[in-house]
Amino acid sequence: MSIFEFVVGVIYLASAALFVVGLHMMRAPSTARRGNLISAGGMIVAVLTTIVFVLISTGGNWIGWSVLVVGAAVGAAFGIVQARRVKMTAIPQLVSIFNAVGGGAAAAVAFADFVAHSPRTPVELTVSIPIVLDVLIGSVTFAGSVIAAGKLQGIIPGKPLTFPGARALNVLAAVVAVGAGVLALFGPPNLLLLLVVLVASLVFGVLMVLPIGGADAPVIVSLLNAFTGLAVAMAGFAINNQALIIAGALVGAAGTILTLQMAKAMNRSVGAIVLGGFGTGDTQTAAGSDTEDLTNIRELTADDVAIQLAYAQHVLIVPGYGLAAAQAQHEVAELAKLLIAHGVDVKYAIHPVAGRMPGHMNVLLAEANVPYDQMLQIDEANAAFDNCDVALVVGANDVCNPDARKPGNAVSGMPILNADHAKSVVVIKRSMRPGYAGISNPLFTDPKTGMFFADAKQGLADITTAVKEYVTA
């Protein structure tokens, strides 16, 4: 090893240390922004080091440099523009697209490295195994992430999509991919076999995600994120790049932990999620969506809600996907600030998968300058509901469905926010349509629950206006 290669290795190690420190700081909301910047700094150092290494090792090959510069410019421009333009509600699908890019790029690197070997010289197993695994995992990640992003964006129906023989075809695709991969490990490099692995893996990725319902789509995004990390790590082994190995391992581990946490929060196993079939997605004909019995519904006006809030001592706000979809974080923060100024104790009850992904709702509220100490996680929130005068549910459905405590339904056993334990409940919702689980919520027909039918953004604005009249009277 030359001195130059040693220095590059040390810089890669320093970059990896920045990744680890940044990831550790992302555990707490108060240090998450700084941790993200530290991790980004580590990635910038790693990328610049790689560019310099390529420049020196290739002797200034202008073709390679042109491809490198153009690729870096296009990728950076896309990432910056999309990250700045994306709405908070679209973060899961953006993450899915980034997963697709990462998995596809890792597979492309491995494929190119395989092609670069002499067609008559057997590839060592220490190289061929990472290459084959990288093409397999990276292709599955690419295809699956594209489908998942389409489901989350609404381009592809969020409901489970199946057809006769789908699972048999999926099993066949997996067997072909693994079989061709095993054959590719022995003998001289065989481009045809690797192409079979590539195509079969793409088919498997598509067929794996299509049957998954909209409720599980964010979990699959997280699982595919873990796959991306594995693919990147395999690419690192294939081209002997320490930075890729460490970064990929970190992403793989973090994605796996996040997937398990989300599955636990929904009381579903990862295996059951992969098998698909849960969640109605954007289906408009789910049970109860248009034929819900409204006879037991107590409908409220903005003034009715304002009176309850203005004279309450303890208020817990339960934000859900409806709030995120309406981009109503600033309106809810303004209402809370007004109530706090009036002497009301206001806190936010945050479910682990509120807003579609863990931490999504916390970031959304932080964007509206909601103090971190006002955000209660599920255990703290449930302890507070017993002394809560008013639970204000904004666009949440399945995460506060009391039927989760009963067996035999789609949300049985799912950890929920105990909004029904509050003395009074106000639900802001556009209609009586069910959530992604596709079942009705008995909380909405509870005698102590009042329904305020409105878009979250406009509804909160109307309530805030009404509250001002009472607190300034």
Checking the side chain of [X] only, and the main-chain atoms of [Y] only, is there a donor and an acceptor separated by less than 3.5 Å?
| X | Y | value |
| --- | --- | --- |
| Thr228 | Asn99 | yes |
| Asn362 | Met375 | no |
| Asp304 | Thr301 | yes |
| Asn241 | Leu244 | yes |
| Lys151 | Pro157 | yes |
| Asp134 | Val109 | no |
| Lys429 | Arg433 | yes |
| His421 | Ala384 | no |
| Ser145 | Phe142 | no |
| Asn382 | Ile416 | yes |

Can you name the side-chain contact (heavy atoms from CB on, under 4.5 Å) partners of Ile307, sequence neighbours left out?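 Ile307: side-chain contact (heavy atoms from CB on, under 4.5 Å) contacts with Tyr311, Tyr470.
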Contacts of type side-chain contact (heavy atoms from CB on, under 4.5 Å), residue Val251, not counting sequence neighbours: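 Testing Val251 for side-chain contact (heavy atoms from CB on, under 4.5 Å), a comparison that skips the adjacent residues, returns Asn225.
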Output side-chain donor-acceptor pairs under 3.5 Å for residues 31-46, partner residues at least two apart or in another chain, one line each.
| unit_1 | atom_1 | unit_2 | atom_2 | d |
| --- | --- | --- | --- | --- |
| Thr31 | OG1 | Met25 | O | 2.6 |
| Thr31 | OG1 | Ala28 | O | 3.4 |
| Ser39 | OG | Gly35 | O | 3.2 |

Please find the pair of heavy atoms, one from [X] and one from [Y], that lie closest to each other, and give the distance.
| X | Y | result |
| --- | --- | --- |
| Met208 | Ile212 | O-CD1, 3.4 Å |
| Pro407 | Ser412 | C-OG, 3.3 Å |
| Leu300 | Gly450 | CD1-CA, 3.5 Å |
| Leu202 | Ser139 | CD2-O, 3.5 Å |
| Ala381 | Leu417 | CB-CD2, 3.9 Å |
| Ala100 | Val146 | CB-CG2, 4.0 Å |

State which residues pass side chain to side chain donor-acceptor pair (under 3.5 Å) with [X]; sequence neighbours excluded, sorted by chain then number.
| X | answer |
| --- | --- |
| Glu367 | Gln329 |
| Asp420 | Arg405 |
| Ser222 | Thr259 |
| Lys423 | Asp389 |

Using the salt bridge (charged side-chain N to carboxylate O under 4.0 Å, His left out) rule, collect all pairs that involve residues 200-210, keeping only residues at least two apart or in two chains.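 Sorted result for residues 200-210: empty, none.
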Only pairs at least two apart or in different chains count here, so list each salt bridge (charged side-chain N to carboxylate O under 4.0 Å, His left out) that has a residue in residues 452-464.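 Residue pairs with at least one partner in residues 452-464: Glu331-Lys457.
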Are side-chain heavy atoms of [X] and [Y] found at a separation under 4.5 Å?
| X | Y | answer |
| --- | --- | --- |
| Leu376 | Leu316 | yes |
| Leu161 | Pro211 | no |
| Phe98 | Val221 | no |
| Leu207 | Phe163 | yes |
| Met361 | Leu323 | yes |
| Val315 | Cys388 | no |

Residues in salt bridge (charged side-chain N to carboxylate O under 4.0 Å, His left out) with Glu380, at least two apart? none
Quick one: [atom1] on [X] to [atom2] on [Y], what's the gap to the nearest 0.5 Å?
| X | Y | atom1 | atom2 | result |
| --- | --- | --- | --- | --- |
| Leu335 | Thr464 | CG | OG1 | 4.0 Å |
| Tyr12 | Thr49 | OH | OG1 | 6.0 Å |
| Gln308 | Ile463 | CD | CD1 | 10.0 Å |
| Ile317 | Leu392 | CD1 | CG | 5.5 Å |
| His330 | Leu460 | NE2 | CG | 12.5 Å |
| Leu198 | Leu136 | CG | CG | 9.5 Å |

Distance-only donor-acceptor pairs under 3.5 Å for side chains of residues 77-84, two or more places apart:
none

Asn441 vs Cys400, test: side chain to side chain contact (heavy atoms under 4.5 Å, CB included). Steps then yes/no. CA-CA 8 Å; Asn441 189 338; Cys400 58; 4.2 Å; yes
For Lys406, look at atom NZ and say whether over 12 heavy atoms of other residues, nucleotides or ligands are found less than 6.0 Å away.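 Incorrect, the count does not exceed 12.
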Test log, rule side chain to side chain contact (heavy atoms under 4.5 Å, CB included), inputs Phe19 and Leu23: CA-CA 6 Å; Phe19 297 157; Leu23 190 62; over 6 Å; no
With side chain to side chain contact (heavy atoms under 4.5 Å, CB included) as the test, would you mind laying out the steps for Leu309 and Val426 before giving the verdict? CA-CA 10 Å; Leu309 295 176; Val426 174; 5.9 Å; no
Pair listing, side-chain hydrogen bond (donor to acceptor under 3.5 Å, both in side chains) test, anchored in residues 335-347, at least two apart: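 Non-adjacent pairs meeting side-chain hydrogen bond (donor to acceptor under 3.5 Å, both in side chains): His314-Asp345, Asp345-Lys347.
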